[in-house]
Participant: 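Sharing a structure, written as structure tokens. Questions coming.
Each ligand, and each atom within it, is numbered from 1 in the order the structure gives.
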Amino acid sequence: MVTPGKTLHILSADQFDRPFLDRICDLTDTIRRYDKSKEGMVYLQSLLPHRQSMLYFTQPSTRTFLSFQSACNIIGMKSSEIRDPSTSSERKGESIEDSLRTFSSYVDLIIMRSPVAGLCNRIASLLDETPRPVPIINAGSGPDEHPTQALLDIYTLKRSFRKIGGIENKSICMVGDLRRGRTVRSLSKLLTKYDGTKLIFASPPEFKIGDDLRQTLVKSKISFEETTDFQGAIAAADAVYMTRIQDEYDVRREDGTSESRSVDISRFCLKASHLPSLKSTCVIMHPLPRRDELDPAIDKDPRAKYWRQERNGMWTRVALITMVLGVDRNILLPEL
Ligand code: NCD
């Protein structure tokens, strides 16, 4: 997926093929080994001290923002941030295109999260036409895509299944707001790259996956099923991927009620009482933040992997940035 001489933007899960996924997982493993010693950490710091990143996050974020910021620190990159566009010249009426082109004048990488689907792609095309194109990484684009979350989810699944044959031939059950959840969309696309994988989508009818994802899955020939039977779905799964209701995308109705309020999600909440019905090797995941759909009492269960997902996110993003900026080869030198 790397075209020589072209700026590598990370915009969508569609662009990752299986060799790329294998490579980023191997690279992430190696980076984690470097981090185990002071010498290794100092070596990682020496990779990109001459490069700067900009984190342009105009939608709320805790994990993705901090893990990208920490990832930059780990490889010695300086980073600047904009989290509130009212502090930039967008406030004076500057177009978002002009603002981002301006940022690109000062930095070597732009990591961006925005509520607008497709904005990253637009900015990437715009920058490609400039004399100094810098790579864009999509850190979440409205309800559309979250490709880097999907990478850390794949890494977490791969590690969790390493003693039981890897991701191939596993049933992955996704639960919650599957229509508007960008993590579900991006991860589902990546799971089509693993032979024999089965996807089970459990949600209230109002939050079923969208037609575009359904068509992608049909085309890829992956086996998948949509159900409202939460209990049956989680009992059959090798991994249960919980998600929250994405009510920030609610369309306000004329009568003042909101879309999400009228949907009963109580049957799609994972509680401690469900644990006995899960497989003993089941992996419980959640991109976080969580609400009532995932009972904190589950945190102590060894099958709960969502806190590991957070940390895996930082390491996977270190690996990704080194690939985007072309220093990944330096990491595969003999280890310290
Ligand atoms: C997710 C997101 O922003 O899409 N969170 C994250 O990046 N870890 C999931 C969510 O907000 O529900």
Participant: Using 30° and 60° as the class limits, which term best fits the ring planes of F57 and F68: parallel, tilted or perpendicular?
Facilitator: perpendicular
Participant: Which pairs, with at least one residue in residues 68-80 and sequence neighbours excluded, count as a side-chain hydrogen bond (donor to acceptor under 3.5 Å, both in side chains)?
Facilitator: Q69-E81
Participant: Is there a donor in the side chain of R113 and an acceptor in the side chain of T64, or the other way round, less than 3.5 Å apart?
Facilitator: yes
Participant: What does the 4.0 Å heavy-atom contact list look like for ligand 1?
Facilitator: T64, R113, H146, Q149, R182, T183, R244, Q246, P287, L288, P289
Participant: State whether the number of non-hydrogen atoms from other residues, nucleotides or ligands found under 6.0 Å of R23 atom CZ is greater than 12.
Facilitator: yes
Participant: Can you list everything that forms a side-chain contact (heavy atoms from CB on, under 4.5 Å) with S125? Sequence neighbours excluded, please.
Facilitator: none
Participant: Salt bridge (charged side-chain N to carboxylate O under 4.0 Å, His left out): which pairs involve residues 167-177, sequence neighbours left out?
Facilitator: R18-E168, D177-R180
